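Take a look at the structure set out below.
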Amino acid sequence: MLSQKDAPIYEALQKYREMRVVPFDVPGHKHGKGNPELTEFLGQTCMSVDVNSMKPLDNLCHPTSVIKDAEALAAEAFGAAYCFFMVGGTTSAVQSMILSVCKEGDKIIMPRNVHRSAINTLILGGAVPVYVDPGVNKRLGIPLGMSVKDVERAIKENPDAKAVFVNNPTYYGICSDLREIVRIAHEHGMAVLADEAHGTNFYFGDNMPVSAMAAGADLAAVSMHKSGGSLTQSSFLLVGKNAKVTEGRVRAVINLTQTTSGSYLLLSSLDISRRSLATDGKRIVGKVLENAAYAREEISKIGGYYAFGNELVNGDDIYAFDMTKLSVYTRDIGLAGIEVYDYLRDCYDIQIEFGDIGNILAYISVGDRWKDIERLVSALAEIKRRFSKDKTGMFDHEYINPKVVLTPKEAFYGETVSLPIEESAGRISCEFVMCYPPGIPIVAPGELITEEILAYIRYSKERGCFMTGTEDMDIERIKVIK
C-alpha cells in the first residue's frame, strides 16, 4: 500500500540505475557517454536517468505501473479524483482542459486577462470566447478577478456555454470568488476550469485562498514548477471528484498534443516535489508566507513603493489575495516596473519574475533566505535613491479591456495584410502583442486595435518591456484582417 512518503517514479529510476542496463534505445547520448561536454555540464546522475519509456519505468501516454501510482498519489495529495503528469508546462495543461470540454463553435466564458495559452487553445480548437471584463484597479493599473454578478450575467446570457474559465489566482495574486462561481456554473450545467499556474500553495498552506479542487472545480492546471519545487516545464492537470468530464476523455485529449517521449527528469521532479509538499507542505508554505510578509514589511519602510496585499480584498472582484505573492507598485517613485526590473538585474545582480508598466513581482519561495530578501530590499532602497524621478507623464494604466470583433480562430486564419503597427488603428488584429512575462495579451487575434492600445504598446517598448507575439520579431508590423 503506497503512502505519501513514497515516490514511485523516483524509486523506479533509482532501481534502473542500480541495474547498470546497457542501452540500445534512445536517447542517443547513452547515459551521457556520447556527449561528455553535456554530461560534465549537467552531471552524470542527471544523464543516467534521462531515459526512454520502458516496461519498468511505465509509459506516460498509457500508464499502468509507476507513473499510474505516482499520479494516484498526486491526486490524493491535491484532493482530486485524478492527476495527470504534464511535461509540456501548464500551457499544455490549459490547452487540454479547454479541449476536453469544448469543441469547435462551443462557447466558453472567461476573463480577458487570461494567459496566452488559453487564447491559443481557442485558435486551435475553435471554441468561442465570451469575455467577462475583469475589474481594474486604476491606481495599480492591473486587472483584477471576475465579479460574481458579471459571471452570472454572462452565464444567463449564454446558457449554451460549455464552461467557465477562472484564474486562481492572477499573476499578481488576486482571486475571484471561486466557490460561488462553481456553484452558479454547475447549476447551469457548465464545467469550471481553473488556471492555477500560480496556485500550488493553495493546496497546502493555512489561511490561503481556496483551491480549485476544494471549491469543486472540474479541472485545474497547476504549475508545480513555479512554486511547487519541480523542474521547469513540469505541471499537473487535476480532475475534480465530481467533474463533468471523464478521466479517459481528458487523457485522450492530452495525448493529442503531449509528447510520446516524456522526460523522466521532469516526471521524477513532479514525483519528488509532490512527496515533499504532501509530507511537509504546511511548513513549506508557512515559510513562504513568513518570507513574503517580512519582505512586504521591509519594502513598506522604504517609502515610495507599495507592496500590496490583503488590504485590497473587497469581497467581489478581489475576493481573496495570495499573500505569498510579492507584488510591488513602483510608479510613485517615477519608475515603471520594467525599469526597476532592469535596474535590479543590471546594477544589483537580482533577477525578479517580471516588471510591467507599473509593478514588479518578486517570486518568493521556501528556497529564499532572509539575507537574500534583505539584499532585494536594500537594492530597492538604492534604486529609489539613485534613479527615482518625477512621475508626471507616466502611463497611468496597465490593462485595457478590448473590443472583440471576431473569434480568435477566425482572425488567426483569416485573410490578412501586414501593416506598420503605428498605422493599424481601427483594424482587426490577427496576431498577439504582449509583454512577456506575464504573457497576458495587450491585443489578441479578433480584437480591434485602438489608439489607446497603440499608445500602450509604444510606451511598453520605450520602457524596455520584452515584447512578443507578432511574426515580425521587432514588433514593428502587425497582421490585420484584409
Side-chain angles (χ1 to χ4, degrees), residues 1-21 27 31 42-90 92-93 196 199-205 211 213 220-239 247 251 254 258-259 261-288 365-367:
M1 184 72 175
L2 293 174
S3 76
Q4 291 296 334
K5 294 181 180 179
D6 294 306
I9 298 172
Y10 163 71
E11 291 158 10
L13 285 170
Q14 290 284 56
K15 289 179 182 177
Y16 173 81
R17 290 182 64 216
E18 293 168 3
M19 291 168 62
R20 303 181 67 181
V21 171
H31 297 178
L42 295 181
Q44 181 58 52
T45 299
C46 174
M47 299 298 282
S48 70
V49 293
D50 180 39
V51 294
N52 192 29
S53 295
M54 61 189 73
K55 282 187 177 181
L57 298 180
D58 210 352
N59 186 294
L60 183 60
C61 297
H62 190 90
T64 59
S65 59
V66 294
I67 295 177
K68 181 180 179 180
D69 290 341
E71 289 183 337
L73 286 171
E76 179 183 72
F78 282 77
Y82 303 101
C83 175
F84 297 94
F85 280 27
M86 308 296 293
V87 295
T90 308
S92 178
E196 291 190 311
T200 308
N201 290 329
F202 292 1
Y203 289 87
F204 302 98
S211 70
M213 293 296 100
V222 179
S223 275
M224 280 291 285
H225 69 93
K226 286 187 170 68
S227 53
S230 66
L231 292 178
T232 295
Q233 202 175 304
S234 59
S235 294
F236 287 153
L237 175 50
L238 306 176
V239 182
E247 173 202 9
R251 192 179 297 282
I254 289 170
Q258 181 154 262
T259 179
S261 303
S263 166
Y264 279 87
L265 299 176
L266 300 183
L267 295 174
S268 59
S269 80
L270 284 170
D271 200 21
I272 294 168
S273 299
R274 180 273 314 154
R275 180 173 66 178
S276 177
L277 288 172
T279 57
D280 197 26
K282 185 174 290 190
R283 184 198 64 82
I284 289 171
V285 179
K287 181 64 175 176
V288 177
S365 81
V366 71

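Note that the structure is a prediction, hence the values are computed from the model and not measured.
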* Asked: For L270 and M224, what are the C-alpha separation, side-chain angles and deciding distance, and is it a side chain to side chain contact (heavy atoms under 4.5 Å, CB included)?
  -> CA-CA 7 Å; L270 284 170; M224 280 291 285; 3.6 Å; yes

* **I9 to Y264 - nearest heavy-atom pair and separation** => CG2-CD2, 4.2 Å

* Value rounded to 0.5 Å, distance of CG in L266 from CG in L231 -> 6.0 Å

* To do: Apply side chain to side chain contact (heavy atoms under 4.5 Å, CB included) to the pair Q14 and R17, showing each step before the final yes or no.
  => CA-CA 5 Å; Q14 290 284 56; R17 290 182 64 216; 3.4 Å; yes

* Checking side chain to side chain contact (heavy atoms under 4.5 Å, CB included) for the pair V288/S227: CA distance, chi angles, key distance, verdict? -> CA-CA 10 Å; V288 177; S227 53; over 6 Å; no

* Do S269 and Q233 have side chains that get closer than 4.5 Å, going by heavy atoms? -> no

Let me have the donor-acceptor pairs involving side chains of residues 82-90, under 3.5 Å, with sequence neighbours excluded, atom names and distances please.
residue, atom, partner, partner atom, Å
T90, OG1, S223, OG, 2.2
T90, OG1, S235, OG, 2.6

* Asked: Between D6 and R275, does a side chain to side chain contact (heavy atoms under 4.5 Å, CB included) hold up when you go through it step by step?
  -> CA-CA 7 Å; D6 294 306; R275 180 173 66 178; 6.0 Å; no

* Asked: When rounded to the nearest 0.5 angstrom, what distance separates CD in E71 from CZ in R274?
  -> 11.5 Å

* **Single hit among N59, D58, I67, L60 for side chain to side chain contact (heavy atoms under 4.5 Å, CB included) with S53** => N59

* Asked: Taking all atoms of both residues into account, what is the closest heavy-atom pair of H31 and V21, and its distance?
  -> CE1-O, 3.5 Å

* Asked: Closest heavy-atom contact between L73 and S3?
  -> CD2-O, 3.6 Å

* Taking the side chain as every heavy atom from C-beta outward, state whether P8 and D271 have any pair of such atoms under 4.5 Å apart. => yes

* Asked: Taking all non-hydrogen atoms of both residues, which atom of M213 and which atom of G79 are closest, and how far apart?
  -> CB-O, 3.7 Å

* Atom CZ of F204: over 12 foreign heavy atoms under 6.0 Å -> yes

* Heavy atoms only: give me the nearest C61-P63 pair and the separation to one decimal. => C-CD, 3.7 Å

* Asked: CG of L265 to CG of L13: how many Å apart, nearest 0.5 Å?
  -> 8.5 Å

* **Nearest-0.5 Å distance, OG1 of residue T279 to CD1 of residue I284** => 7.0 Å

* Closest heavy-atom pair and its distance - P56, A12 -> O-CB, 4.1 Å

* Asked: Once you round to the nearest 0.5 Å, how far does OG of S92 lie from CD1 of I254?
  -> 7.0 Å

* Check whether any side-chain heavy atom of S268 lies under 4.5 Å from a side-chain heavy atom of V49, and answer yes or no. => no

* Asked: Is any side-chain heavy atom of K287 less than 4.5 Å from a side-chain heavy atom of V366?
  -> yes

* So how far is it from L277 CG to Q4 CD, rounded to the nearest 0.5 Å? -> 10.0 Å

